[in-house]
Engineer: 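There's a structure below that I have some questions on.
Worth saying up front: this structure is predicted, and the values here are computed from it rather than measured.
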Number of protein chains: 2
Amino acid sequence: MAETADRILQAADELFSLRGYAAVSARDIAERAGVNKALIFYYFESKEALFRRVLDQYYEGHVKALELPTEGSYRERLHTLIDHYLDFIEDNYRYLQLVQREIIEGSSRLPYIQQNVMTLYSRVRDLLGDLVPASGALDARQFFVSFSGLINTFYVNAPVLGELWAGQQMDAAQRLARREHLHWIVNTLLDRLESGK
Amino acid sequence: MAETADRILQAADELFSLRGYAAVSARDIAERAGVNKALIFYYFESKEALFRRVLDQYYEGHVKALELPTEGSYRERLHTLIDHYLDFIEDNYRYLQLVQREIIEGSSRLPYIQQNVMTLYSRVRDLLGDLVPASGALDARQFFVSFSGLINTFYVNAPVLGELWAGQQMDAAQRLARREHLHWIVNTLLDRLESGK
DNA sequence: TAGATCGTTAACCATTCGGTTAACCCCTTA
DNA sequence: TAAGGGGTTAACCGAATGGTTAACGATCTA
């Protein structure tokens, strides 16, 4: 049944995201999936191939999330883009951690990730237009890095930040507050940029 | 000789930072240190204990970097704190990746890191004082998360961001530009907060 | 000179790793 | 009812894992 392969994929997804590639064994995955270990190698070529399949699944959704909104002012479009990205992350919470790990570990998939980053960057750059200088401390690249950091940190570091909110699980209210905060920051920065420094 | 223990520590530091805890074996460390594997367990209790020692070494520097400046306005002190933190990160580039990896992998060392985070947070909170509300989208926690993200992203994601700067290695000029950018953002946010929304 | 101590070594240990194998169960098709 | 064939299984494999052990020189002390 394809059902078995799916259960393996899902278990692998959960475990890899949680503990990383090296710290997860084929036995762990089989146990979590409630499946005989040999079936992993029956449906997937190897542990490495299984890991790639997990990543591929996410990449598809990511590309979709990066679609650029076409309506409204540049400011509205920027807010919309951020919201879409946040939606994607909240629905695919583990993806960020997977990608972050790939980056830190200097994986062979890095060029693929870079391409994704460049796509997103070019959209932010187009949106900012000539509001920012072409180079220096206030160029589009700096703001892109800043926006990425502002958004990603909250989710990547969630396991450690929970303490700040008195150990509560990260719930809908917290995510909403974070969203508000981000939009407030973006508006503040754009206001200052528009005022011409 | 203490020299042997030092060589083990350094090799462990390099390998753990590069590939993470689980992906590094005691044999790897011994080989890199040019030392018999048994010596690792002679000088250190276990692989886990060795890892802690690596973390401890960095932690000392980290705590120092977080010392609160005592002179100047709250705004000046915040800028100084950020500069000190940036200095520390630039001198201990691997530390950030190590910690980031630990967080993502949900390691058993997490409470240790959380304690560190809380220390830094309490300082930022004290600095922001009653400039921000006690809760909601603009509370001190949100700004702390934002500042952390703004600063860390640049270094954690350096391997992937290089492309933005035409593939150059991250050099002193780039780090300086990033620093300027961060201070500009902080000033912009503080201005808006002071203006009472 | 006879220990005693310390750093070092190769060989070894049980366990776990990713991956394979041969047999089996069960359903389809002829 | 016989023959396949896909899904599943326990048992197994060599290699690598973290960690231990007993012996070995060298240096120091009695």
Engineer: Go through the structure and list residues passing ring-ring contact (aromatic ring centres under 6.0 Å, His included) with A/Phe147, not counting sequence neighbours.
Structural biologist: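 For A/Phe147 there are no ring-ring contact (aromatic ring centres under 6.0 Å, His included) partners, ignoring immediate neighbours.
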Engineer: Less than 4.0 angstrom between a side-chain N/O of A/Thr4 and OP1 or OP2 of D/dG7, yes or no?
Structural biologist: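 No, A/Thr4 has no side-chain N/O under 4.0 Å of OP1/OP2 on D/dG7.
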Engineer: Tell me the interatomic distance from B/Ile40, atom CD1, to D/dT20, atom P, rounded to whole angstroms.
Structural biologist: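 Going from B/Ile40 (CD1) to D/dT20 (P), I get 13 Å.
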Engineer: My understanding is that only residues two or more places apart in sequence, or in another chain, count here; which of them pass salt bridge (charged side-chain N to carboxylate O under 4.0 Å, His left out) with B/Arg101?
Structural biologist: A/Glu105
Engineer: Sorted by first residue and then second, give each salt bridge (Lys or Arg N to Asp or Glu O under 4.0 Å) pair with at least one member in residues 49-69 of chain B; sequence neighbours left out.
Structural biologist: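 Non-adjacent pairs meeting salt bridge (Lys or Arg N to Asp or Glu O under 4.0 Å): B/Glu48-B/Arg52.
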Engineer: To the nearest Å, how far apart are B/Ile8 CD1 and D/dG19 C1'?
Structural biologist: 14 Å
Engineer: Calculate the interatomic distance between B/Glu31 atom CD and C/dT8 atom C1'; express it in whole Å.
Structural biologist: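 Distance check: B/Glu31 CD to C/dT8 C1' gives 18 Å.
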Engineer: Could you name each residue pair satisfying salt bridge (Lys or Arg N to Asp or Glu O under 4.0 Å) that touches residues 82-100 of chain B, not counting sequence neighbours?
Structural biologist: B/Asp13-B/Arg94, B/Asp83-B/Arg179, B/Asp87-B/Arg179, B/Glu90-B/Arg175, B/Glu90-B/Arg179
Engineer: Quick one: what's the B/S/- string for nucleotides 16-22 of chain C, heavy-atom cutoff under 4.0 Å, read 5' to 3'?
Structural biologist: -BBBBB-
Engineer: What is the distance, to the nearest angstrom, from the CZ atom on A/Phe44 to the C1' atom on D/dG7?
Structural biologist: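 It works out to 14 Å between those atoms.
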Engineer: What is the separation between atom CZ on B/Arg19 and atom C1' on D/dA16, rounded to the nearest whole Å?
Structural biologist: 13 Å
Engineer: Anything under 30° is parallel, anything over 60° is perpendicular, the rest tilted; go ahead and classify B/Tyr95 against B/His62.
Structural biologist: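 Correct class here is perpendicular.
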Engineer: Can you check the B/Glu3 CD to C/dT8 C1' distance for me, whole Å?
Structural biologist: 14 Å
Engineer: Taking only the side-chain nitrogens and oxygens of B/Tyr42, find out if one of them lies under 4.0 Å from OP1 or OP2 of D/dT20.
Structural biologist: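 False: B/Tyr42 side-chain N/O out of range (4.0 Å or more) of D/dT20 OP1/OP2.
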Engineer: Quick test of your reading: applying ring pair (Phe, Tyr, Trp, His ring centres under 6.0 Å), list the pairs with at least one residue in residues 3-34 of chain A, sequence neighbours left out, ordered by first then second residue.
Structural biologist: A/Phe16-A/Tyr21, A/Phe16-A/Phe51, A/Tyr21-A/Phe51
